[in-house]
Amino acid sequence: MAERRSRTQKKKKDPNAPKRSLSAYMFFANETRDIVRAENPGIAFGQVGKVLGERWKALSDDQKKPFEDKAEADKKRYELEKAEYLKTQQQ
DNA sequence: ACAATGATTGTTTGG
DNA sequence: CCAAACAATCATTGT
């Protein structure tokens, strides 16, 4: 159910498309990518991705908290552009 | 009002 | 530049 669209635009949604915000995983990845790659010199691209995911959940909910916190802040960012987009499109 | 959907976010490496 | 694997997201939409 709900197949993941391999990503990369596929369909249009909105005229200005405010784009949503990032996910905690993105913030976590920003830091982990450094670690994972540091511990796995020469690791393959697809492999790192998997290892990353394992690490992500490997953390305790409290550890993801800091990441969620950033995701939370990013969401606000989206809200802002969304408001602008709505305003613009309404005009 | 409620439910489901879709679209999106960022990272990794390599030709 | 783009591709998959990884996870979250969560706002928008339609009836």
Side-chain angles (χ1 to χ4, degrees):
Chain A
M1 293 74 170
E3 270 164 50
R4 229 164 276 107
R5 233 88 198 107
S6 308
R7 146 175 205 273
T8 11
Q9 296 176 24
K10 201 120 213 191
K11 256 191 207 151
K12 256 191 195 157
K13 199 168 79 73
D14 290 298
N16 329 65
K19 324 268 209 206
R20 79 181 347 90
S21 44
L22 276 70
S23 342
Y25 188 84
M26 300 301 125
F27 305 100
F28 150 86
N30 264 282
E31 299 278 322
T32 304
R33 84 199 137 128
D34 260 53
I35 322 298
V36 175
R37 241 188 109 220
E39 302 197 306
N40 302 289
I43 183 168
F45 140 45
Q47 267 50 35
V48 175
K50 283 182 163 172
V51 171
L52 238 149
E54 289 178 59
R55 306 294 270 166
W56 168 242
K57 284 188 185 155
L59 310 163
S60 305
D61 299 282
D62 307 286
Q63 274 38 49
K64 324 183 321 166
K65 224 179 159 186
F67 304 104
E68 286 179 337
D69 173 80
K70 265 228 143 235
E72 212 186 296
D74 201 276
K75 181 207 158 256
K76 285 178 194 164
R77 177 92 248 121
Y78 166 79
E79 276 181 45
L80 206 131
E81 54 183 285
K82 175 197 75 176
E84 233 191 275
Y85 139 80
L86 290 169
K87 190 171 144 199
T88 274
Q89 69 144 335
Q90 238 171 73
Q91 252 171 65

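Throughout, protein chains are lettered first and strands after them, A, B, ... in sequence-line order, and every chain is numbered starting at 1.
- Using a distance-only test at 3.5 Å, with no hydrogens or angles considered, no donor-acceptor pair links the side chain of A:D74 to the main chain of A:K70.
- Rounded to an integer number of Å, the gap from A:F27 CZ to B:dT8 P is 18 Å.
- When the C1' atom of C:dA5 is taken as reference, atom OH of A:Y25 falls 8 Å away, rounded to whole Å.
- Atom CG of A:N40 and atom C1' of C:dA5 are 15 Å apart (whole Å).
- Taking atom CZ of residue A:F28 and atom P of nucleotide B:dG10, one finds them 17 Å apart after rounding to whole Å.
- Atom-to-atom, CE of A:M26 to P of B:dA7 comes out at 18 Å; the value is rounded to the nearest Å.
- Partners of A:E72 by side-chain contact (heavy atoms from CB on, under 4.5 Å), not counting sequence neighbours: none found.
- Connectivity analysis of hydrophobic side chains (ILVMFWY, heavy atoms under 4.5 Å, direct or indirect) links A:Y78 to nothing; its cluster partners are none.
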Taking only nitrogen or oxygen atoms into account, show me every contact under 3.5 Å that the protein makes with nucleotides 10-12 of chain C, one pair per line with its distance.
from, atom 1, to, atom 2, distance (Å)
C:dC10, O2, A:R20, NH2, 2.4

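- Heavy-atom distances under 4.0 Å link DNA chain C to A:G49, A:K50, A:G53, A:W56, A:K57 of residues 48-68 of chain A, given in residue order.
- One interatomic measurement links the two molecules: NZ of A:K19 to P of B:dG6, which rounds to 18 Å at whole-angstrom precision.
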Hey, can you pull the donor-acceptor pairs under 3.5 Å for the side chains in residues 50-62 of chain A, sequence neighbours left out?
none

